[in-house]
2 protein chains.
Amino acid sequence: MSAVPAEQATEPAAAPADRTLRHSISEVSARTGLTTHTLRWYERIGLLDPIDRSHAGRRLYSDRDLERLAFLGRLRLTGMPVADMLRYVELVRAGDHTVEGRRDLLVAHRDEVRQKIADLHATLAVLDRKIDLYSGKKQNT
Amino acid sequence: MSAVPAEQATEPAAAPADRTLRHSISEVSARTGLTTHTLRWYERIGLLDPIDRSHAGRRLYSDRDLERLAFLGRLRLTGMPVADMLRYVELVRAGDHTVEGRRDLLVAHRDEVRQKIADLHATLAVLDRKIDLYSGKKQNT
DNA sequence: TATCGAGTTGGAGTGCACTCCAAGCAAGCA
DNA sequence: TGCTTGCTTGGAGTGCACTCCAACTCGATA
């Protein structure tokens with residue numbers, strides 16, 4: 001959202017009934033694995049654009065919100081700090097001229113993800129060796 | 001240390017000059033990537049056995065300490081909580097009869113490491129796709 | 001109509017893993 | 001002899017990412 005210009009609040013009729021389904025916060029929590037606390041917090045700090053509300057004030061997440069959350073969830077899960085995620089969504093919000101900055105940010109994160117994978121594999125080897133030793137014979141450290 | 005019994009403080013002569021070299025805290029910090037603060041803290045909370053001291057009270061890390069630290073560093077780097085690391089070293093300290101418990105702990109961590117690798121790879125795919133899109137054309141989210 | 005469950009808010013609190021501080025001391029060098 | 005460097009200590013402080021609380025509101029059900 002907000003990267004495609006001009007699509008703000010109301011757009012009453014004639015829409016292709018795609019983005020029409022709305023999801024409660026508990027439903028979104030169940031789907032994303034984020035707690036309702038975290039979902040509200042993400043919105044508060046600006047990671048999510050203000051979520052639509054029912055006339056009673058309850059959040060109604062769109063499918064598009066879910067997509068955004070799925071991506072943010074991946075970034076978070078792979079260790080991107082919330083502050084960096086915020087920088088990213090602010091670039092998205094700022095418009096098409098920030099595409100390069102966004103790419104740079106994601107490329108940097110990809111490098112870190114690759115590094116993490118390498119670290120994990122190296123540790124996996126160490127663990128395999130140690131577990132073998134523990135399984136076969138008594139051994140130290 | 002402490003898994004191999006009887007090797008406490010002094011052992012003056014005739015040793016094979018292996019475990020004789022001693023390292024200052026700053027040297028260990030440089031080698032392990034842990035800050036001196038963290039090294040002292042690890043010792044304080046019991047992750048490390050009490051480190052030998054010079055007559056002036058300064059820490060002198062043995063090669064064996066470095067080995068222990070290297071392994072602990074790997075565990076930490078791959079996301080094991082410090083509390084779990086502590087459980088592990090306490091098992092080591094407790095003696096040979098805890099070998100099974102140690103193995104279980106490491107096996108559990110290995111499972112988590114594998115899960116992390118899977119998550120990271122999945123995210124890598126998402127990042128690759130998005131970066132391609134950003135590199136080629138303007139695109140949203 | 002009463003009450004229940006699921007949601008709302010701003011702000012305070014928590015847990016983890018460090019990280020820093022202030023005061024002090026010993027060794028080496030000018 | 002004095003200064004600098006690198007270390008020592010216990011305890012306090014920090015930053016991050018949530019996580020919880022109290023008080024409240026709405027809509028649906030019995």
Side-chain angles (χ1 to χ4, degrees), chain A residues 21-62 65-66 68-69 71-90 109 112 116 119, chain B residues 21-62 65-66 68-69 71-90 109 112 116 119:
Chain A
L21 295 169
R22 301 280 143 150
H23 313 280
S24 72
I25 194 167
S26 58
E27 191 187 336
V28 174
S29 172
R31 285 200 194 194
T32 61
L34 301 166
T35 68
T36 58
H37 294 301
T38 299
L39 288 170
R40 292 194 198 98
W41 181 64
Y42 276 12
E43 185 181 346
R44 246 196 291 190
I45 66 174
L47 259 189
L48 266 34
D49 295 327
I51 302 295
D52 288 349
R53 306 299 165 113
S54 73
H55 79 97
R58 299 192 172 189
R59 286 170 181 78
L60 296 173
Y61 293 81
S62 68
D65 294 329
L66 281 179
R68 159 80 63 99
L69 271 170
F71 183 56
L72 292 178
R74 291 232 79 86
L75 296 182
R76 191 69 203 86
L77 187 67
T78 53
M80 183 183 283
V82 168
D84 289 359
M85 290 162 59
L86 195 50
R87 284 214 307 125
Y88 176 75
V89 307
E90 276 164 0
H109 185 57
E112 286 182 9
K116 277 181 215 280
D119 286 341
Chain B
L21 294 169
R22 300 280 143 153
H23 313 278
S24 71
I25 193 168
S26 59
E27 191 187 336
V28 175
S29 171
R31 284 200 194 194
T32 61
L34 300 166
T35 69
T36 58
H37 294 302
T38 299
L39 288 170
R40 293 195 198 96
W41 181 63
Y42 276 12
E43 186 181 346
R44 245 196 294 189
I45 65 174
L47 258 190
L48 266 34
D49 295 328
I51 301 296
D52 288 349
R53 307 300 165 112
S54 74
H55 78 98
R58 300 191 173 191
R59 285 170 181 78
L60 294 174
Y61 292 81
S62 68
D65 293 329
L66 280 178
R68 159 80 65 97
L69 270 170
F71 183 56
L72 292 178
R74 290 233 77 87
L75 295 182
R76 190 70 203 85
L77 188 66
T78 53
M80 184 183 283
V82 168
D84 290 359
M85 290 162 59
L86 196 49
R87 284 212 309 124
Y88 176 76
V89 307
E90 276 163 0
H109 185 57
E112 286 183 10
K116 276 181 215 280
D119 286 341

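In what follows, chains carry the letters A, B, and so on, assigned in the order in which the sequence lines appear, proteins first and then strands, with residues in each chain numbered from 1. Every heavy atom of this structure was used, including side-chain atoms; hydrogens, water molecules and symmetry mates were not.
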Practice problem: Name the nucleic acid region contacted by S24(B), choosing base, sugar-phosphate or nothing; use a 4.0 angstrom heavy-atom cut-off, strictly under. | Solution: sugar-phosphate
Side-chain contact check for R58(A): nearest option of dC26(D), dT19(C), dG6(D) is dC26(D)
Checking dT8(C), dT8(D), dT19(D) against the side chain of R40(A) (C-beta onward), the nearest is dT8(C)
Phosphate contact (dC7(D) OP1 or OP2) by R59(B) side-chain N/O below 4.0 Å:
no
Between CG of L47(A) and C1' of dC16(D) the distance, given in whole Å, is 13 Å
P81(B) has its side chain closest, among dA17(D), dG11(D), dA17(C), to dA17(C)
On DNA chain D, more 5' by nearest nucleotide between A56(B) and M80(A) is A56(B)
Q. Do any side-chain nitrogens or oxygens of H55(A) fall under 4.0 Å of OP1 or OP2 in dG27(D)?
A. yes
H37(B) atom NE2 is separated from dC20(C) atom C1', nearest whole Å, by 6 Å
Charged N-O contact under 4.0 Å between E43(B) and R68(B)
no
Rounded to whole Å, the CG-P distance (L39(B) to dC20(C)) equals 14 Å
Separation of dC16(C) atom P from R87(B) atom CZ, nearest Å, is 14 Å
Rounded to whole Å, CG of L75(A) lies from P of dA17(D) at a distance of 13 Å
I25(A) has its side chain closest, among dT8(D), dG7(C), dA17(D), to dG7(C)
Heavy atoms only, 4.0 Å cut-off, all strands: where does R76(B) land among base, sugar-phosphate and nothing? sugar-phosphate
Practice prompt. With side-chain contact (heavy atoms from CB on, under 4.5 Å) as the test, would you mind laying out the steps for H23(B) and L66(B) before giving the verdict?
Written response: CA-CA 9 Å; H23(B) 313 278; L66(B) 280 178; 3.5 Å; yes
note: D52(B), atom CG; dT8(D), atom P; distance rounded to Å ~ 13 Å
Original post:
Hey, is R22(B) close enough to D52(B) for a salt bridge, meaning N to O under 4.0 Å?
Top reply: yes
request  = For S26(B), answer base if it contacts any base atom (sugar-phosphate contacts may also be present), sugar-phosphate if it contacts only those atoms, and nothing otherwise; contact means non-hydrogen atoms under 4.0 Å.
outcome  = sugar-phosphate
Presence of Y42(B) side-chain N/O under 4.0 Å of dA17(C) phosphate oxygens OP1/OP2: no
Looking only at dT8(C), dT9(D), dC20(C), the nucleotide nearest the R53(B) side chain is dT9(D)
Fill in: Salt bridge present between E112(A) and K116(A) (N-O < 4.0 angstrom)
no
When rounded to whole Å, the CG to P distance for the pair L60(B) and dC7(D) reads 11 Å
- request: Look at the side chain of R74(B) and the backbone N and O of T78(B), then say whether any donor-acceptor pair between them is shorter than 3.5 Å.
  value: no
To the nearest angstrom, the CZ-C1' distance between R44(A) and dT8(C) comes to 11 Å
